[in-house]
Colleague: 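This is the structure, below, for whatever I ask next.
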Amino acid sequence: MVKHPVKSVVVRGLGLLLAVGLACLWVMLSAVPVIAAVDTVNYNNADLKGQDFSHTDLSGKAFVSAEMRDINLEGSDLSNAILTKAVMLRANLRDANLTAALVDRVFLVGADLTNAILEDATMTRTSFEDVTVTGADFTNAILDRYEISKLCDRAEGINPVTGVATRDSLGCR
């Protein structure tokens with residue numbers, strides 16, 4: 001029995017083409033369409049003085065160079081939010097969730113962080129002058145050493161959600 005080499009190559013080529021075609025068809029039919037984000041609002045350069053955002057989902061939102069004096073963010077979800085170069089004098093952040101938030105070069109002077117969760121937050125070059133931190137959880141947060149030493153002077157309480165003592169989360173001695 002003599003095999004035809006051309007016929008064998010053609011059959012293999014057609015088999016390979018059929019396999020690739022079926023794989024492509026399977027990928028196209030099983031693909032889930034991407035839904036565009038409906039809420040793409042950011043608050044960059046916004047004047048938010050005295051605004052009430054209490055108990056609002058602001059996760060992943062950007063507040064770059066925002067004016068946020070006397071803003072009410074009590075109980076809000078600010079996880080993964082970007083707050084850079086913001087002015088947050090006397091901001092109410094009681095019970096707020098700032099997990100993994102970027103809080104860089106922010107003036108939190110006189111702010112209330114009572115029972116706030118700041119786990120894994122990056123809070124570099126941020127001013128915590130006269131900030132209330134009772135019950136705040138700073139576990140694995142990145143803060144400037146000078147600010148940590150100032151916060152340890154007034155850190156007290158245990159976060160009611162995480163059960164972590166503020167002093168322990170800051171590494172106070």
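Numbers here simply count residues along the sequence, with the first being 1. All values reported here derive from a predicted model rather than from experimental measurement.
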Colleague: Strictly by modelled atom types, are Asn80 and Ser59 linked by a side-chain donor-acceptor pair under 3.5 Å?
Modeller: no

Colleague: Is it the case that the side chain of Arg167 and the backbone of Arg173 share a donor-acceptor pair, with hydrogens and angles ignored and the cut-off at 3.5 Å?
Modeller: yes

Colleague: Take Val106 and Thr84 through the side chain to side chain contact (heavy atoms under 4.5 Å, CB included) test and state the conclusion after the steps.
Modeller: CA-CA 6 Å; Val106 174; Thr84 59; 5.7 Å; no

Colleague: Taking atom NZ of Lys150 as the centre, report whether more than 12 heavy atoms of other residues, nucleotides or ligands fall under 6.0 Å from it.
Modeller: yes

Colleague: Quick check against the 3.5 Å criterion: does Thr126 have a side-chain atom that pairs as donor or acceptor with the backbone of Val103?
Modeller: yes

Colleague: Please verify the inter-ring angle class for Phe128 with Phe138; under 30° counts as parallel, over 60° as perpendicular, anything in between as tilted.
Modeller: perpendicular

Colleague: Indicate if Leu93 and Ile148 have the same hydrophobic cluster label, given that clusters are the connected sets of ILVMFWY residues with side-chain heavy-atom separations under 4.5 angstrom.
Modeller: yes

Colleague: Measure the spacing between CE of Met88 and CG of Asp70 and express it to the nearest 0.5 Å.
Modeller: 11.0 Å

Colleague: Quick one: pull up CZ in Phe53 and OG in Ser76 and give me the separation to the nearest 0.5 Å.
Modeller: 8.5 Å

Colleague: Any side-chain heavy atom of Val64 within less than 4.5 Å of one from Tyr43?
Modeller: no

Colleague: Under 4.0 Å between a Lys/Arg side-chain N and an Asp/Glu carboxylate O for Glu147 and Arg125?
Modeller: no

Colleague: Does Arg154 use its side chain to pair, donor to acceptor, with the backbone of Val131 at less than 3.5 Å?
Modeller: yes

Colleague: Can a donor-acceptor pair be found between the side chains of Glu119 and Asn140 at a distance below 3.5 Å?
Modeller: no

Colleague: Just to verify, what does Asp52 make a side chain to side chain contact (heavy atoms under 4.5 Å, CB included) with, not counting sequence neighbours?
Modeller: Ser54, Asn72

Colleague: If I compare all heavy atoms of Ala155 with all of Leu170, which pair ends up nearest, and what's the gap?
Modeller: CB-CD1, 3.9 Å

Colleague: Before giving the answer on side chain to side chain contact (heavy atoms under 4.5 Å, CB included), spell out for Leu143 and Leu151 the whole-Å C-alpha distance, their side-chain angles and the decisive distance to 0.1 Å.
Modeller: CA-CA 10 Å; Leu143 288 92; Leu151 288 171; 3.7 Å; yes

Colleague: Working to the nearest 0.5 Å, report the span between CG of Asp104 and CG of Leu83.
Modeller: 10.0 Å

Colleague: For Glu67, enumerate each residue passing the side chain to side chain contact (heavy atoms under 4.5 Å, CB included) test, keeping only those at least two apart in sequence or located in another chain.
Modeller: Asp47, Lys49, Arg69, Val87

Colleague: Looking at CG of Leu98 and CG of Leu118, how far apart are the two atoms once the value is rounded to the nearest 0.5 Å?
Modeller: 5.0 Å

Colleague: Enter the distance from Asp130:CG to Arg90:CZ here, rounded to the nearest 0.5 Å.
Modeller: 11.5 Å

Colleague: How far apart are the C-alpha atoms of Asp120 and Thr139, what are their side-chain angles, what is the distance that settles it, and do they pass the side chain to side chain contact (heavy atoms under 4.5 Å, CB included) test?
Modeller: CA-CA 6 Å; Asp120 301 314; Thr139 301; over 6 Å; no

Colleague: Could you report the tightest heavy-atom contact between Leu73 and Ala96, atom names first, then the distance?
Modeller: O-CB, 3.8 Å

Colleague: For a side chain to side chain contact (heavy atoms under 4.5 Å, CB included) check, start with the C-alpha distance between Leu58 and Phe63, then their side-chain angles and the critical distance, and finish with the verdict.
Modeller: CA-CA 10 Å; Leu58 299 167; Phe63 296 86; 4.0 Å; yes

Colleague: Just by distance, do the side chain of Thr122 and the backbone of Ile142 share a donor-acceptor pair under 3.5 Å?
Modeller: no

Colleague: Rounded to the nearest 0.5 Å, what separation is found between the CG atom of Asp77 and the CG atom of Asp95?
Modeller: 12.5 Å

Colleague: Report the C-alpha separation of Asp137 and Thr162 in whole Å, then their side-chain angles, then the decisive distance to 0.1 Å, and conclude whether the side chain to side chain donor-acceptor pair (under 3.5 Å) test is met.
Modeller: CA-CA 7 Å; Asp137 182 355; Thr162 65; 2.8 Å; yes

Colleague: Is it the case that the side chain of Asn115 and the backbone of Asn159 share a donor-acceptor pair, with hydrogens and angles ignored and the cut-off at 3.5 Å?
Modeller: no

Colleague: Does Ala136 offer a backbone N or O that forms a donor-acceptor pair with the side chain of Thr166 under 3.5 Å?
Modeller: yes

Colleague: Would a single hydrophobic cluster contain both Leu48 and Leu113, if residues Ile, Leu, Val, Met, Phe, Trp and Tyr are joined by side-chain heavy-atom contacts under 4.5 Å?
Modeller: yes

